[in-house]
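Taking it in order: structure first as structure tokens, then the write-up.
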Amino acid sequence: MNKKIHTEAVDHLFDAILSLESKDECYSFFEDLCTVNELMSLSQRFEVAAMLRKHKTYLEIAEKTGASTATISRVNRSLNYGDDGYALVFKKLQD
């Protein structure tokens with residue numbers, strides 16, 4: 001875990017996210033919390049990660065998501081060398 005992001009403020013944000021009980025509540029909260037561009041960037045990274053896990057090429061991913069190769073590379077680095085957060089979520093979504 002990256003100790004730079006482990007702060008009381010981030011804990012408070014994560015507690016708020018964990019309190020949400022529906023997709024509609026998520027839409028309301030994240031629409032207030034993030035700009036449209038921020039939310040679209042987050043969802044794009046998640047889509048890129050899903051496609052990388054399915055062994056899609058950078059070209060396929062860029063065409064489908066509109067992500068730059070730099071973004072795809074960053075997400076790929078997180079998948080390979082990160083804290084396994086993507087893997088945790090993808091496993092939970094399969095169940």
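Keep in mind it's a predicted model, so treat the numbers as computed, not measured. As a basis for the values below, the full set of heavy atoms in this structure was taken, side chains included, without hydrogen atoms, waters or symmetry mates.
Between the side chain of S41 and the backbone N or O of N37, at least one donor-acceptor pair lies under 3.5 Å. Formation of a donor-acceptor pair under 3.5 Å by the S73 side chain with backbone atoms of A70 is not found in this model. Between the side chain of E47 and the backbone N or O of T65, no donor-acceptor pair lies under 3.5 Å. At distances below 3.5 Å, at least one donor-acceptor pair connects side-chain atoms of S43 with backbone N or O atoms of M40. Judged purely by atom type and a 3.5 angstrom limit, N76 has no side-chain atom pairing as donor or acceptor with the backbone of I72.
Atom CD in E8 sits 13.0 Å away from atom CG in L13 (nearest 0.5 Å). The CZ atom of F14 sits 9.0 Å away from the NE2 atom of H6 when rounded to the nearest 0.5 Å. For the atom pair CG (D84) and CZ (F90), the distance works out to 12.0 Å, reported to the nearest 0.5 Å. Separation of atoms OG (S28) and NZ (K23) is listed at 13.5 Å; rounding is to 0.5 Å. Between the CG atom of L39 and the SG atom of C26 there is a distance of 10.0 Å, given to the nearest 0.5 Å. Rounded to the nearest 0.5 angstrom, M51 CE and E63 CD are separated by 9.0 Å.
The 12-atom threshold is not exceeded at CD of E31, counting heavy atoms of other residues, nucleotides or ligands nearer than 6.0 Å. Counting heavy-atom neighbours within 6.0 Å of F29 CZ, excluding the residue itself, gives a total above 12.
In plain terms, the two heavy atoms of A16 and S19 that are nearest each other are O-OG, 2.6 Å. Scanning all heavy atoms of the two residues, the minimum distance from T7 to K4 falls at CG2-O, 3.9 Å. Closest approach of A67 and V48 over heavy atoms only: CB-CG2, 3.7 Å. In plain terms, the two heavy atoms of L20 and F30 that are nearest each other are CD1-CE1, 4.3 Å. Minimum interatomic distance between Y86 and S78 (heavy atoms only, all atoms of both residues): CE1-CB, 3.9 Å.
There is no path of hydrophobic side-chain contacts, each under 4.5 Å, that joins I17 to V89. Hydrophobic clustering (side-chain heavy atoms under 4.5 Å, transitive across Ile, Leu, Val, Met, Phe, Trp, Tyr) keeps L18 apart from F46.
Side-chain atoms of E60 and T57 include a donor-acceptor pair closer than 3.5 Å.
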Stepwise side chain to side chain contact (heavy atoms under 4.5 Å, CB included) check, L88 with K91: CA-CA 5 Å; L88 175 70; K91 183 177 180 187; 6.0 Å; no
